[in-house]
Enquirer: 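Before I ask anything, here is the structure I am working with.
Note that ligands are numbered from 1 as they come in the structure, with each ligand's atoms numbered from 1 the same way.
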Amino acid sequence: MEIDGGLGSEATVSDVLHFVEGLLEGELNRVANMANVSALLYEYLEEINWVGFYIAEARSGDFVLGPFVGRPACTRISPPRGVIGTSVQSAKTLIVDDVLQFPEHIACDAASRSEIVVPIIVDRRVVAVIDVDSPQFSRFTVEHRTMLEAIAQKLATRWHSMQEYW
Ligand code: SME
């Protein structure tokens with residue numbers, strides 16, 4: 001698999017999933033894998049301003065900032081706060097078309113207008129989430145949801161075998 005070249009502008013969802021599979025195949029470190037998945041999604045998705053991970057911290061129950069691409073962000077989210085906390089509580093993907101109308105929204109980048117949060121579920125527990133923000137309203141579709149859930153599933157099935165780095 002060619003990693004250096006990245007994805008061309010013609011890349012399909014299937015290309016992205018294939019690329020993720022290749023990234024995960026070669027590395028067992030969670031931080032490295034989440035960093036590369038963030039970079040890949042940032043490259044592939046158009047009109048987004050932030051993509052990254054928040055990871056469950058057992059001690060506090062908070063979701064703590066993980067690898068991401070975008071502006072510096074809030075470091076801790078305590079469920080049920082935020083779009084992230086709301087998604088974590090239901091253990092379901094949450095698409096918010098207009099974050100300004102979502103009372104629980106935590107604004108990390110004032111430019112964000114819509115958001116999708118996809119939980120990574122291992123042993124019926126949300127261990128992390130993928131979070132993507134866009135400066136456009138209603139940016140995220142059912143296709144985005146399907147693709148991000150497939151990526152979350154790939155990470156979930158490898159979660160235990162991937163080393164914990166913190
Ligand atoms: N908007 C999120 C917080 C994280 S940032 O978007 C990166 C929320 O409401 O949970």
Side-chain angles (χ1 to χ4, degrees), residues 6-7 13 16 19-20 23-24 29-122 124-156 159 162 164-166:
L7 286 169
V13 169
V16 174
F19 207 117
V20 169
L23 289 173
L24 300 182
N29 183 278
R30 281 183 197 165
V31 174
N33 285 338
M34 288 189 277
N36 258 341
V37 169
S38 301
L40 180 70
L41 289 173
Y42 195 77
E43 188 177 63
Y44 172 70
L45 295 170
E46 289 170 355
E47 296 300 333
I48 64 164
N49 57 327
W50 201 93
V51 53
F53 291 82
Y54 279 84
I55 303 154
E57 183 182 68
R59 184 162 38 100
S60 62
D62 289 347
F63 278 69
V64 182
L65 183 64
F68 70 96
V69 182
R71 300 193 64 196
C74 332
T75 50
R76 278 175 190 272
I77 312 273
S78 304
R81 291 194 60 233
V83 180
I84 288 173
T86 307
S87 166
V88 166
Q89 276 235 312
S90 64
K92 287 193 167 40
T93 296
L94 183 56
I95 294 177
V96 177
D97 288 332
D98 178 357
V99 296
L100 305 178
Q101 302 302 319
F102 192 85
E104 277 299 327
H105 175 249
I106 300 166
C108 292
D109 183 341
S112 297
R113 291 294 176 267
S114 60
E115 181 164 0
I116 181 168
V117 177
V118 178
I120 298 173
I121 300 168
V122 178
R124 292 189 286 174
R125 203 169 58 86
V126 181
V127 295
V129 298
I130 305 173
D131 180 28
V132 192
D133 288 7
S134 169
Q136 284 185 1
F137 292 111
S138 304
R139 174 71 188 96
F140 300 105
T141 63
V142 70
E143 285 77 20
H144 292 118
R145 176 196 186 119
T146 304
M147 180 182 79
L148 292 170
E149 286 180 349
I151 293 172
Q153 184 56 43
K154 288 180 191 301
L155 289 164
W159 196 258
M162 287 193 292
E164 187 130 26
Y165 221 63
W166 58 77

Enquirer: Between Ala107 and ligand 1, does any nitrogen or oxygen pair lie at a separation below 3.5 Å?
Expert: no
Enquirer: Could you tell me if the side chain of Leu45 sits less than 4.5 Å from the side chain of Ile48, heavy atoms only?
Expert: yes
Enquirer: Can you find a pair of side-chain heavy atoms, one from Phe102 and one from Leu94, that are under 4.5 Å apart?
Expert: yes
Enquirer: Have a look at ligand 1 and work out which part of Val99, if any, has a heavy atom under 4.0 Å from it: side chain, backbone, both or neither.
Expert: neither
Enquirer: Is there side-chain contact between Phe63 and Val126, with at least one heavy-atom pair below 4.5 Å?
Expert: yes
Enquirer: Any idea which atoms of ligand 1 are less than 4.0 Å away from a heavy-atom of Ile84?
Expert: 4 (C), 8 (C), 10 (O)
Enquirer: State whether Arg76 and Glu57 are salt-bridged, where the test is any N-O pair (Lys NZ or Arg NE/NH1/NH2 against Asp/Glu carboxylate O) under 4.0 Å.
Expert: yes
Enquirer: Could you tell me whether Arg113 atom CZ has more than 12 heavy atoms of other residues or ligands within 6.0 Å of it?
Expert: yes
Enquirer: Find out whether the Lys NZ or Arg CZ of Arg71 is both under 6.0 angstrom from the six-membered ring centre of Trp50 and within 45° of the ring's axis.
Expert: no
Enquirer: Pull out every atom of ligand 1 sitting under 4.0 Å from any heavy atom of Asp131, numbered as shown with elements.
Expert: 4 (C), 5 (S), 6 (O), 7 (C)
Enquirer: Where's the contact between Phe68 and ligand 1, heavy-atom distance under 4.0 Å: side chain, backbone, both or neither?
Expert: neither
Enquirer: Counting each atom of ligand 1 from 1 as listed, which ones have a heavy atom of Asp133 under 4.0 Å away?
Expert: 5 (S), 6 (O)
Enquirer: With heavy-atom distances below 4.0 Å as the criterion, list the atoms of ligand 1 near Ile77.
Expert: 3 (C)
Enquirer: Does ligand 1 come near enough to Cys74 that some N or O of the ligand is less than 3.5 Å from an N or O of the residue?
Expert: no
Enquirer: Do Val16 and Ile151 come within less than 4.5 Å of each other through their side chains, counting heavy atoms only?
Expert: yes
Enquirer: I'd like to check which ligand 1 atoms, numbered from 1 as shown, lie under 4.0 Å from a non-hydrogen atom of His105.
Expert: 1 (N), 9 (O)
Enquirer: Among protein heavy atoms, which sits nearest to atom 8 (C) of ligand 1, and what does the distance come to when rounded to 0.1 Å?
Expert: Val83 N, 3.2 Å
Enquirer: Could you give the distance from CZ (Phe19) to CG (Asn36), rounded to the nearest 0.5 Å?
Expert: 8.0 Å
Enquirer: List ligand 1 atoms under 4.0 Å from Cys108, heavy atoms only on the residue side.
Expert: 3 (C), 4 (C), 5 (S), 7 (C)
Enquirer: At a non-hydrogen distance cut-off of under 4.0 Å, which region of Glu115 contacts ligand 1 (side chain, backbone, both, or neither)?
Expert: side chain
Enquirer: Could you tell me if the side chain of Leu65 sits less than 4.5 Å from the side chain of Tyr54, heavy atoms only?
Expert: yes
Enquirer: Just to be sure I'm reading this right: ignoring hydrogens, which of Ile106, Thr86, Val132 gets closest to atom 3 (C) of ligand 1? Compare them by their nearest heavy atoms.
Expert: Ile106
Enquirer: Report, in ascending order of atom number, the atoms of ligand 1 lying under 4.0 Å from any heavy atom of Trp50.
Expert: 7 (C)
